Amino acid sequence: MELLAQPPTMKLPAEWFTGDAYADVLLRGEEPSRARANMVRFTPGARTAWHSHGLGQTLCIVEGVALVQARGGAILEARPGDVIWTPPGEEHWHGAAPGTFMTHLALWEGDETTWLEHVTDAEYAGPRVGTRDRT
């Protein structure tokens, strides 16, 4: 067993995020592991650019209200305790709703992330479906 040293919190780059977002790297597995885990904190209205992960990504919402959208789909409004899976290669974005901070645990494997264009204000303001509204 080993207690892992944690690097300092990092501000995430404007090339990949609109608004302010910060990450704490919790796990960056050494070969043969490809596991990655980050705790990511978004200020109100902050969000990722469109992107995809080669092996998919799981988001566990910890606090606040998250907005998550797959390309062509409705915006999912997620709350603490919700777990969202984006399959390999699915273009998506995620961030905080306006007026609230949001924290999620991001889990994925490997470094195969493809970053695309920023989410426009019009896309961000699109129609939403709450996780509690789905059947």
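Everything quoted here is computed from the prediction, not taken from an experiment. By convention here, the first residue in the shown sequence is residue 1. Reckoned from all heavy atoms, side chains included, excluding hydrogens, waters and symmetry mates.
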Taking every heavy atom of P44 against every heavy atom of G99, the minimum-distance pair comes out as CB-N, 3.5 Å

Closest non-hydrogen contact found for A74 with V129 is CB-CG2, 3.9 Å

Taken in chain and number order and not counting sequence neighbours, the residues that satisfy side-chain contact (heavy atoms from CB on, under 4.5 Å) with P7 are V25

Residue set satisfying side-chain contact (heavy atoms from CB on, under 4.5 Å) with A46, at least two apart, ordered chain then number -> F42, T43

Considering only distance and modelled atom types, tabulate donor-acceptor pairs under 3.5 Å from the side chains of residues 80-90, sequence neighbours left out.
unit_1, atom_1, unit_2, atom_2, d
D82, OD1, R132, NH1, 3.2
D82, OD2, R79, N, 2.7
D82, OD2, T131, OG1, 2.5
D82, OD2, R132, NH1, 2.9
T86, OG1, Q57, O, 3.3

| query | Does M102 belong to the same Ile/Leu/Val/Met/Phe/Trp/Tyr cluster as V40, with side-chain heavy atoms less than 4.5 Å apart forming each link? | reply | yes

Can you hop from I61 to L76 via hydrophobic side chains spaced under 4.5 Å? yes

With a 3.5 Å cut-off and sequence neighbours excluded, list the donor-acceptor pairs that the side chains of residues 10-18 form with protein atoms.
unit_1, atom_1, unit_2, atom_2, d
K11, NZ, D20, OD1, 2.9
T18, OG1, H118, ND1, 3.1

Taking transitive links into account, so neighbours of neighbours count too, which hydrophobic residues share a cluster with [X] at under 4.5 Å side-chain distance?
X	result
V62	L26, M39, L105, L107
W108	none
L3	none

Non-hydrogen side-chain atoms of [X] and [Y] separated by less than 4.5 Å:
X	Y	value
E77	V65	yes
V68	W93	no
L4	E2	yes

The criterion is salt bridge (charged side-chain N to carboxylate O under 4.0 Å, His left out); which residues satisfy it with [X], sequence neighbours excluded?
X	answer
E63	none
E91	R71
D24	R41

Does this structure show an ion pair linking R47 with E123, if we count only N-O contacts that are shorter than 4.0 Å?
no

Here the salt bridge (Lys or Arg N to Asp or Glu O under 4.0 Å) pairs for residues 96-111, sequence neighbours left out, are R28-D111, R36-D111

Sorted by chain and number, sequence neighbours left out, ring pair (Phe, Tyr, Trp, His ring centres under 6.0 Å) with H51 holds for H53, H92, H94, W115

